[in-house]
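A short worksheet on the structure shown next.
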Amino acid sequence: MEAANNNSLTVEIGADGSIVVHGDIDIAGGPTLEAAILSLENTQQVVIDLGDVSFIDSSGLRSLLGASRRAQARKSSVILRSVGPEVTRLLQITGTSDQFAIESSRD
Amino acid sequence: MEAANNNSLTVEIGADGSIVVHGDIDIAGGPTLEAAILSLENTQQVVIDLGDVSFIDSSGLRSLLGASRRAQARKSSVILRSVGPEVTRLLQITGTSDQFAIESSRD
Amino acid sequence: MTELGLIGPVEIRVPPDPSLSRVLRLAASGMASLAGFTIDEIEDIKIAVSEVLLALIEHGSGNPVEVQFESDDHSFKLRGRSFADNFDIEHPDLVLCRSVLAGVCDSHTIDHVDNQAHIWAEVTHKTIE
Amino acid sequence: MTELGLIGPVEIRVPPDPSLSRVLRLAASGMASLAGFTIDEIEDIKIAVSEVLLALIEHGSGNPVEVQFESDDHSFKLRGRSFADNFDIEHPDLVLCRSVLAGVCDSHTIDHVDNQAHIWAEVTHKTIE
Ligand SMILES: Nc1ncnc2c1ncn2[C@@H]1O[C@H](COP(=O)(O)OP(=O)(O)O)[C@@H](O)[C@H]1O
Ligand SMILES: Nc1ncnc2c1ncn2[C@@H]1O[C@H](COP(=O)(O)OP(=O)(O)O)[C@@H](O)[C@H]1O
């Protein structure tokens with residue numbers, strides 16, 4: 001059993017170094033995701049697996065956009081994997097889809 | 001698409017005349033279930049299928065107990081089918097299991 | 001041992017509308033799940049919320065109902081209140097409601113003071129050390 | 001044509017704790033689902049609730065946040081407010097928040113009057129006649 005973290009998001013590092021996100025990327029979960037990205041981004045390509053994410057708001061998007069900006073400064077990019085309809089919709093609403101490399105989407 | 005009924009419970013009559021309940025048997029849903037029981041109980045054995053019920057509170061239990069009392073007055077009984085753990089627990093807490101004929105339970 | 005999160009208090013005021021019972025259960029179970037309660041404890045909390053609301057709606061005077069949820073390091077506490085001229089604590093329906101509360105909560109009280117019906121209930125977290 | 005249920009108002013007061021965002025979304029989506037909103041509309045309502053809360057928590061003054069949900073026959077309305085000495089409506093983060101609100105809501109307003117930050121938003125039900 002996990003200890004409570006008052007948080008609706010957990011992050012795991014996949015075998016290939018991808019950041020696998022579970023839960024809601026909101027004002028509570030965004031900082032956890034951001035910390036995971038910061039801990040990895042200087043040594044490897046940032047790949048974020050969103051296969052288990054069905055909610056994101058502007059605070060979550062801010063974490064992703066910050067990572068994208070830093071990646072671009074390093075002449076790299078942020079790869080989003082298994083992007084669900086909720087994330088796709090928020091990227092479209094805010095016109096920020098082109099800030100990311102979308103590896104794959106799901107329904 | 002169904003019209004909204006502000007209600008977390010719907011009731012269907014099965015092919016065998018059983019009352020198939022979907023949703024929560026609470027203060028909002030109890031009356032819907034009660035109306036279904038009242039419309040059938042004078043012409044047939046009352047069988048209530050709880051296979052899709054995962055919540056019940058004391059107001060829902062009251063509807064079931066009322067049906068049981070009326071059935072006993074007719075020298076009949078109320079049969080509960082596919083009883084889940086939440087209903088089982090409420091029957092145990094309140095010591096009312098013996099007011100019903102439990103046809104089958106599920107985990 | 002699992003530790004609980006401190007969450008709340010969350011204060012919710014609703015009209016005496018039975019259909020809101022489910023909404024209050026959703027809010028309470030979301031809080032309890034964040035706080036680290038087990039699935040069985042969350043089931044008990046949902047029942048307690050339902051009992052508090054139905055007691056205040058069915059036996060109150062049609063006034064709005066206020067509930068308050070709070071999780072601390074060892075329990076989930078809920079309070080409910082509503083202004084009510086009469087509130088018959090011995091009514092048979094309330095007796096059933098109390099027996100359910102007694103079954104799912106570690107402690108609870110129901111009273112009627114100064115034209116206000118008031119219910120307090122607590123579900124304790126069973127830690128396995 | 002689908003008809004909506006009239007539900008609420010549900011008034012919720014919470015401490016400025018980010019983890020409660022999910023609890024408020026659960027309450028709002030439970031209400032919207034009872035009222036008859038479609039799944040896509042409920043997704044929009046959840047995003048709107050999140051944006052209202054994060055604007056008031058991140059840009060407020062650490063005071064409790066009050067939100068109010070109400071569904072009438074054609075829309076889901078939400079309001080949020082918090083006492084805040086400063087509330088910079090032009091802050092870049094709030095600009096992103098507003099652009100999301102503009103995308104998911106049919107109308108919204110954000111203002112800061114008498115030391116109170118206030119957000120109002122409405123998601124309309126698209127009836128198919
Ligand atoms: N018994 C109760 N049940 C539910 N909510 C309560 C109860 N008592 C207080 N609250 C909530 O907590 C808030 C603050 O409580 P309190 O300081 O006691 O206020 P009041 O002076 O109005 O009783 C109230 O706005 C109310 O929403
Ligand atoms: N802008 C708002 N955002 C969220 N909740 C609100 C807002 N305005 C009012 N409410 C809620 O509705 C209730 C009644 O509102 P109102 O009569 O305007 O009270 P007040 O005089 O305190 O502003 C308040 O207790 C509050 O919880």
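Every chain is numbered from 1 and lettered A, B, ... according to where its sequence line falls, protein lines coming before strand lines. Source: prediction; values computed, not measured.
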Do any of residues 30-44 of chain B have a heavy atom less than 4.5 Å from a heavy atom of chain C, and if so, which, in residue order?
-> none
By number, which residues in residues 65-72 of chain B have some heavy atom less than 4.5 Å away from chain C?
-> B:L65
Please check if the side chain of [X] supplies one atom and the backbone of [Y] the other of a donor-acceptor pair under 3.5 Å.
{"X": "B:R106", "Y": "B:L50", "value": "yes"}
{"X": "B:Q45", "Y": "B:S77", "value": "yes"}
{"X": "C:H59", "Y": "C:D93", "value": "no"}
{"X": "B:S18", "Y": "B:I48", "value": "no"}

Only one of C:V65, C:D111, C:I110 passes side chain to side chain contact (heavy atoms under 4.5 Å, CB included) with C:I119, and that residue is C:I110
Is it true that B:R81 and B:E103 have a side-chain N and a carboxylate O under 4.0 angstrom from each other?
-> yes
What part of C:L101 lies closer than 4.5 angstrom to a heavy atom of chain B: side chain, backbone, both or neither?
-> neither
If we ignore angles and hydrogens, is there a donor and acceptor under 3.5 Å between the side chains of C:S21 and C:S50?
-> yes
Go through the steps for C:R81 and C:E66 under the test salt bridge (Lys or Arg N to Asp or Glu O under 4.0 Å), then give the verdict.
-> CA-CA 5 Å; C:R81 67 173 174 186; C:E66 283 179 8; 2.9 Å; yes
Scan C:K46, C:R22, C:R25 and name whichever one has a salt bridge (charged side-chain N to carboxylate O under 4.0 Å, His left out) with B:D26.
-> C:R25
Interface residue of largest heavy-atom contact number with chain C, from B:I56, B:L90, B:I27, B:I93, under 4.5 Å | B:I27
Could you please spell out the steps behind the side-chain contact (heavy atoms from CB on, under 4.5 Å) verdict for B:T94 and C:L96?
-> CA-CA 8 Å; B:T94 53; C:L96 189 62; 4.1 Å; yes
With a cut-off of 6.0 Å (strictly less than), are more than 12 heavy atoms of other residues, nucleotides or ligands near CG of C:N86?
-> no
Taking C:D44, C:D40, C:L20 one by one, which has the highest count of heavy-atom pairs under 4.5 Å against chain B?
-> C:D44
In terms of heavy-atom proximity below 4.5 Å to chain C, should B:S54 be classed as side chain, backbone, both, or neither?
-> backbone
